[in-house]
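One structure is given here, and the rest of the page talks about it.
Each chain gets a letter, A, B and so on, in the order its sequence line appears, and its residues count up from 1.
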2 protein chains.
Amino acid sequence: MGRHREFDVEKALDAALCVFWRKGYEGSSYTDLTEAAGVERPALYSAFGNKEALFRLALARYSERFLHYIPEALQLPTARQVAAHILVNAVDLNTRYPDHTGCLGINGAVAGSDDAEPVRQALIDFRAAGQAQLRERFERAKTEGDLPETAKADALAAFVMALTHGMAVQAKAGFSREMLEAVVEQALSTWPTGRSTLSETSS
Amino acid sequence: MGRHREFDVEKALDAALCVFWRKGYEGSSYTDLTEAAGVERPALYSAFGNKEALFRLALARYSERFLHYIPEALQLPTARQVAAHILVNAVDLNTRYPDHTGCLGINGAVAGSDDAEPVRQALIDFRAAGQAQLRERFERAKTEGDLPETAKADALAAFVMALTHGMAVQAKAGFSREMLEAVVEQALSTWPTGRSTLSETSS
DNA sequence: TTTTTTTCATAATGACCGTTATTAAACCGG
DNA sequence: CCGGTTTAATAACGGTCATTATGAAAAAAA
């Protein structure tokens with residue numbers, strides 16, 4: 001019983017996501033969000049809660065809709081393929097939409113006021129979760145001989161993530177897809193090799 | 001003629017720099033800045049102009065006081081030493097001060113409101129200037145045989161800068177100096193070599 | 001000492017921030 | 001068709017934003 005919603009909650013969340021993606025958490029005003037969603041202010045509040053809750057929902061939606069390439073990558077057979085898949089798809093995502101370049105995990109908040117500290121920390125945790133998955137995958141690669149025993153899985157994971165973060169900054173600065181692809185190519189040329197990937201000489 | 005200034009302009013600028021470094025441009029309120037400088041609001045305005053002008057002065061001071069390692073690096077004999085010097089010193093700068101980790105060039109603004117667009121662009125130009133210097137240095141390295149003819153100077157420069165940007169994000173997220181040093185080691189592990197650096201076999 | 005000039009401190013400005021009362025409209029069950 | 005319930009729209013809330021008017025205090029020039 002009661003009146004129906006006259007707007008699509010999913011579409012409103014997508015619109016909010018795009019605003020946050022472009023302007024970050026603190027850079028996005030509630031006016032920006034309501035205008036993008038085509039919805040009055042109290043409607044957004046009743047549907048999602050306050051601005052912080054809306055951002056967290058947008059971040060979850062971002063992960064679901066745009067980061068599918070990460071679980072995809074983790075299932076590839078070699079560590080190098082995992083890294084390549086992540087880097088190549090990150091470049092694609094960072095440059096695919098001209099009106100919101102870069103990555104929400106970075107654009108959302110790097111530094112900010114004390115009020116934004118909970119959101120900043122949420123993004124830190126968000127990025128750390130991805131990095132931990134990558135580290136575990138590289139640990140496995142060591143046991144499988146796909147990475148040398150001397151490789152540091154945590155350093156490799158941090159290296160790949162540092163590149164994605166840095167390229168996200170560069171994409172937000174207007175770098176072309178081609179330039180970032182060249183960066184990825186450069187990064188992958190320094191990839192360590194294990195007993196089975198240097199050449200086709202092992203069993 | 002007239003009354004003397006009762007505060008040290010240089011110290012006030014340093015204080016403002018620290019605030020911007022920690023909270024970024026939009027995250028720093030004028031109240032934050034005046035409290036850190038120990039100076040009333042109109043005094044900051046009369047000394048530096050508005051917030052944007054103050055930020056630009058702080059950025060210039062940041063460059064002078066903390067980025068001396070970049071011109072230093074450019075004078076080193078090999079491209080690899082140039083890259084190593086930049087990356088190692090960037091890690092040091094990003095982790096040296098626990099209350100303002102990361103780098104002003106990134107923390108200052110990655111994304112933000114439309115009002116902050118001029119500052120965001122100024123930071124883009126600031127970073128681009130460093131990258132251009134690096135690219136030119138790598139071009140020279142190619143003519144000197146220090147980098148192979150096949151090396152792409154612009155991609156290498158963008159690669160090194162992407163790493164510094166990404167590590168700045170990670171430092172701001174609380175990454176330890178040791179972790180970032182391991183990232184640098186990974187990045188440098190297979191630097192491309194020219195005719196004189198692979199081993200000591202050339203003339 | 002008086003005048004002029006600059007800085008100082010207090011406090012006010014209008015605008016925008018995120019968040020909500022409030023009231024009218026729309027829907028469902030009875 | 002009417003009572004109960006949910007949403008919609010308008011407008012207001014206190015607080016903070018960057019910026020500045022104002023007048024007192026201080027120092028050099030006359």
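- Judged by the 6.0 Å and 45° rule, B:Lys51 forms no cation-pi pair with B:Tyr30.
- Note on ring orientation: taking the six-membered ring where Trp is involved, the planes of A:Tyr62 and A:Phe126 are tilted (angle from 30° to 60°).
- Looking at residues 112-120 of chain A, you'll see that no heavy atom sits under 4.0 Å from any atom of DNA chain D.
- Under the 3.5 Å distance criterion, the side-chain polar atoms of A:Ser63 are left unmatched by any main-chain donor or acceptor of A:Ala60.
- Checked by atom type and distance alone, the side chain of B:Thr164 pairs as donor or acceptor with a backbone atom of B:Met161 at under 3.5 Å.
- Residues satisfying the salt bridge (charged side-chain N to carboxylate O under 4.0 Å, His left out) test with B:Asp92, not counting sequence neighbours, are B:Arg96, B:Arg177.
- The footprint of chain B on DNA chain C, defined by a heavy-atom cutoff below 4.0 Å, extends from C:dT5 to C:dA11.
- Between A:Glu40 atom CD and D:dT7 atom C1' the separation is 12 Å, expressed in whole Å.
- Residue pairs meeting the salt bridge (charged side-chain N to carboxylate O under 4.0 Å, His left out) criterion with at least one partner in residues 55-64 of chain B, sequence neighbours excluded, are B:Glu10-B:Arg61, B:Asp14-B:Arg61, B:Glu52-B:Arg56.
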- Query: In the 5'-to-3' direction, what one-character label does each nucleotide of nucleotides 16-24 of chain D receive under the scheme B = base within less than 4.0 Å of a protein heavy atom, S = sugar-phosphate only, - = no such atom?
  - Reply: -SBBBB---
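- In DNA chain C, consecutive stretches of 3 or more Watson-Crick or G-U wobble pairs with both distances under 3.5 Å are given as paired ranges: C:1-27 with D:4-30.
- Between the NE2 atom of B:His4 and the C1' atom of D:dA28 there is a distance of 8 Å, given to the nearest Å.
- Counting only residues at least two apart or on different chains, the salt bridge (charged side-chain N to carboxylate O under 4.0 Å, His left out) pairs with a member in residues 18-35 of chain B are A:Asp114-B:Lys23, B:Lys23-B:Asp32.
- In this structure, A:Leu44 atom CG and D:dA9 atom P are separated by 12 Å, rounded to whole Å.
- The side-chain contact (heavy atoms from CB on, under 4.5 Å) check on A:Ala84 picks up A:Leu188, with sequence neighbours excluded.
- Pairs engaging residues 150-159 of chain B under the salt bridge (charged side-chain N to carboxylate O under 4.0 Å, His left out) rule: A:Glu185-B:Lys152 [sequence neighbours left out].
- Residue pairs meeting the ring-ring contact (aromatic ring centres under 6.0 Å, His included) criterion with at least one member in residues 67-86 of chain A, sequence neighbours excluded, do not occur.
- Here side-chain hydrogen bond (donor to acceptor under 3.5 Å, both in side chains) pairs that include residues 98-107 of chain B, with residues two or more places apart or in two chains, number zero.
- Within the structure, the salt bridge (charged side-chain N to carboxylate O under 4.0 Å, His left out) test picks out the following pairs touching residues 125-137 of chain A (sequence neighbours left out): A:Arg135-A:Glu139.
- Remark: side-chain polar atoms of A:Lys142 are paired, donor with acceptor, to backbone N or O of A:Ala151 under 3.5 angstrom.
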